[in-house]
Amino acid sequence: MDMLHELLNRHKQYFFTGETKSYEFRKKQLETLREVIKEYEPEVLVALKEDLHKSEWEAYTTEIGFLLEEIKFTLKHLKEWMSPEKVKSPITHLGSKSMIHQEPYGVTLIIAPWNYPFQLQLAPLVGAIAAGNCAVLKPSELTPAVSAVISKMIREVFPDEYVSVVQGGVETSTELLKQPFDHIFFTGSVPVGKIVMEAAAKQLIPVTLELGGKSPAIVDQDANLKLAAKRILWGKFTNAGQTCVAPDYLYVHSDVKLELLQHMSEALLEFYGEDPLLSDKYSHIVSDKHFERLKSFLTNGDVLIGGQHKESERVISPTIIDNISWDDPVMQEEIFGPILPVLEFTDLNQVVDEVRRRPKPLALYFFSESEEKQDMITSSLSFGGGCMNDTLMHIVTPHLPFGGVGSSGTGSYHGKSSFEAFSHRKSIVKQTTNFDFSFRYPSAKNGLKMIKRIMG
Ligand code: NAD
């Protein structure tokens, strides 16, 4: 589409003016973003209710408040992150200085999913602005109310050549991916991640891919079961399980399975009351298609808790299903909804083997009082990140990079990692002209002899 090409050209021309690169400019834009998020908070809350039935509490903690914290942290450290890093120079470089400059990529494309539609579009933008880039935002077509607010908000405060919003579905994304962006930041599913990486590869565009997968919660015999139950269910049923780092399935030691499930049953009652379908603290499913997909999983195994659903409102109560095997459809793909299948084990090594055989998870949660076992899990299994004795908390700190590994993603962000995700580390040697070592030139007499004394 010529329109998109023109848009990108306008961004590039603006980027080349150099205006986006000064500290003062970046700081001002981050402050502007913070203020407009605050100003639009009521509209964002309404839109999140409309698209996902998100409660104000969830909307604030996981979307709006999260972003404000991210901006606060970035503003506090931006100057320090931006300053060129001095590094040592070897003897071969005598007289010179070596530096690493953090260079903005240029114009970045940020494609967002629908599950945290506000936060997942704007948190990468914080990094993009901090690093001095221009950005094109592509929000999800499945959350039209939030996408409209993002578009209105961004248009109100940022010139179109600096940050712009392009709304649309697959065709729009496909066209965007043909454009010569300087960087692509994609958050979404594994299959679309492959499409994005393939499109980027054609033009050798650097990518950050924040993907998904099946993240296990493993509960061993010696875990604090009551806390494990609450923390796993909180992580699972926040946003009705539509969270990339939600525990996808539960792997529990057979000796403590019944007790854990009993605690889970009590915790669910405490969280969402007798009828979660009526709870205003409980999110709904994003679309009819996703609702139907999730409903089909309810016939897998035996429903232990929940299973109730209401099609007209696209809501499924928090559900725990037992008697599940790896061959059941619910174990073949990322669930991304309020259904928690339960598998059991008797030997932790068996769990390690099973998890290793599958794609590397985005997150992994292990519940045990034994530091030795915690260390064993951390060192034996590869996964994006995770928690010992908790869920989700590793992604809500600006001090830890958040991202996947292998099929759960490439690159990371949050805090300083967001700045780094949108920056190229450019190495510069500033050479002296006060003297010159002639032995490096092919014409030098005894040059190789000298070089061998220095190198090797
Ligand atoms: P999705 O991959 O279907 O869509 C994400 C974005 O890609 C949307 O903006 C969509 O318009 C666009 N898109 C869809 N099909 C495309 C195509 N063929 N070509 C180009 N672009 C296309 O993902 P989703 O359903 O919106 O989100 C759910 C997935 O995202 C889950 O797998 C979840 O685990 C993952 N996710 C990951 C993170 C993370 O931070 N790692 C966060 C949230 C969600």
Side-chain angles (χ1 to χ4, degrees), residues 44-63 113-118 140-149 169 189 212 214 229-230 232-250 261 264-324 328-342 391-392:
V44 175
L45 292 176
V46 170
L48 284 167
K49 192 79 177 171
E50 197 174 319
D51 286 335
L52 286 156
H53 196 260
K54 244 180 221 197
S55 67
E56 183 176 343
W57 184 82
E58 261 195 29
Y60 193 83
T61 53
T62 65
E63 307 236 24
W114 52 263
N115 59 332
Y116 293 87
F118 192 64
S140 173
E141 67 281 20
L142 294 185
T143 42
V146 175
S147 300
V149 175
S189 62
K214 286 184 92 61
K230 282 181 108 162
I232 291 170
L233 297 189
W234 169 72
K236 178 71 185 184
F237 297 116
T238 293
N239 202 25
Q242 301 166 115
T243 303
C244 56
V245 282
D248 185 273
Y249 60 96
L250 170 66
L261 289 170
M264 286 189 157
S265 160
E266 287 157 17
L268 279 179
L269 195 65
E270 184 189 324
F271 290 176
Y272 304 111
E274 290 284 353
D275 190 353
L277 297 188
L278 300 177
S279 172
D280 60 4
K281 293 191 191 121
Y282 188 57
S283 295
H284 291 189
I285 308 305
V286 71
S287 72
D288 292 340
K289 193 174 136 210
H290 287 76
F291 180 87
E292 285 307 318
R293 185 182 66 85
L294 290 166
K295 205 174 84 177
S296 73
F297 292 148
L298 297 174
T299 56
N300 293 197
D302 300 322
V303 172
L304 273 186
I305 297 174
Q308 299 86 359
H309 49 276
K310 207 173 187 183
E311 196 153 349
S312 59
E313 295 189 28
R314 295 196 307 268
V315 57
I316 299 175
S317 66
T319 299
I320 299 182
I321 48 178
D322 199 6
N323 293 326
I324 286 296
D328 286 305
V330 74
M331 294 306 290
Q332 304 293 310
E333 57 182 90
E334 181 182 4
I335 300 169
F336 219 58
I339 298 168
L340 183 69
V342 183
T391 63
L392 313 193

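None of the values given here were measured: they were computed from a predicted structure. Throughout, numbering of the chain's residues begins at 1 and tracks the sequence.
Note that CE of M331 is 5.5 Å distant from OH of Y249, once rounded to the nearest 0.5 Å. For the atom pair OG (S283) and CZ (R314), the distance works out to 11.5 Å, reported to the nearest 0.5 Å. Interatomic distance, I320 CD1 to F237 CZ, rounded to the nearest 0.5 Å: 5.5 Å. Taking CG of N239 as the reference point, atom CD1 of I285 lies at 8.5 Å (rounded to 0.5 Å). For the atom pair CG (L277) and CD (E313), the distance works out to 8.5 Å, reported to the nearest 0.5 Å. In this structure, the separation between CH2 on W234 and OG1 on T391 is 5.0 Å, given to the nearest 0.5 Å.
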Review point. Could you walk me through whether E333 and R293 pass the side chain to side chain contact (heavy atoms under 4.5 Å, CB included) check?
Key: CA-CA 11 Å; E333 57 182 90; R293 185 182 66 85; 3.0 Å; yes
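In plain terms, the two heavy atoms of I339 and L294 that are nearest each other are CD1-O, 3.4 Å. Between T319 and G306, the shortest heavy-atom distance links the atoms OG1-C, 3.8 Å. For A246 against G235, the heavy-atom pair with the smallest separation is CB-O, 3.6 Å. Heavy atoms only, all atoms of each residue included: A47 and V149 are closest at CB-CG2, 3.9 Å. In terms of heavy-atom proximity, A59 sits nearest to L45 at CB-CD2, 3.5 Å. The shortest non-hydrogen separation linking Q242 to H284 is NE2-O, 2.9 Å.
T243 and Y116 are linked by a side-chain donor-acceptor pair at a separation below 3.5 angstrom, with hydrogens and angles left out of the test.
Contact annotation: the side chain of L52 approaches that of V286 to within less than 4.5 Å [non-hydrogen atoms, C-beta and beyond]. By the 4.5 Å heavy-atom criterion applied to side chains, E50 and P144 are not counted as neighbours. Contact of the K230 side chain with the F271 side chain is registered, since non-hydrogen atoms from C-beta on lie closer than 4.5 Å. Counting heavy atoms from C-beta outward, P117 and L142 have side chains that stay 4.5 Å or more apart. Looking only at side-chain heavy atoms (C-beta outward), L268 and P276 stay at 4.5 Å or farther from each other. Using a 4.5 Å heavy-atom threshold, the side chains of V315 and H309 count as separate. Between L340 and L233, some side-chain heavy-atom pair lies under the 4.5 Å cut-off. Residues K236 and L250 are not in side-chain contact: their nearest non-hydrogen atoms beyond the backbone lie 4.5 Å or more apart.
S265 places no side-chain N or O within donor-acceptor distance of the main-chain N or O of L261, the cut-off being under 3.5 Å. Without hydrogens or angle criteria, T143 side chain to D51 main chain gives no donor-acceptor distance under 3.5 Å. N300 contributes a side-chain N or O that, together with a main-chain N or O of V330, makes up a donor-acceptor pair within less than 3.5 Å. In this structure, D248 contributes its side chain and I335 its backbone to a donor-acceptor pair below 3.5 Å. In this structure, D322 contributes its side chain and L304 its backbone to no donor-acceptor pair below 3.5 Å. The closest donor-acceptor contact from the side chain of H53 to the backbone of Y282 lies under 3.5 Å.
Around atom NZ of K281, no more than 12 heavy atoms belonging to other residues, nucleotides or ligands sit under 6.0 Å away.
A ring-ring contact (aromatic ring centres under 6.0 Å, His included) with H290 holds for exactly one of F297, F336, W114; it is W114. Each of E58, E56, K54 was scored for a side-chain contact (heavy atoms from CB on, under 4.5 Å) with L48, with one residue passing: K54.
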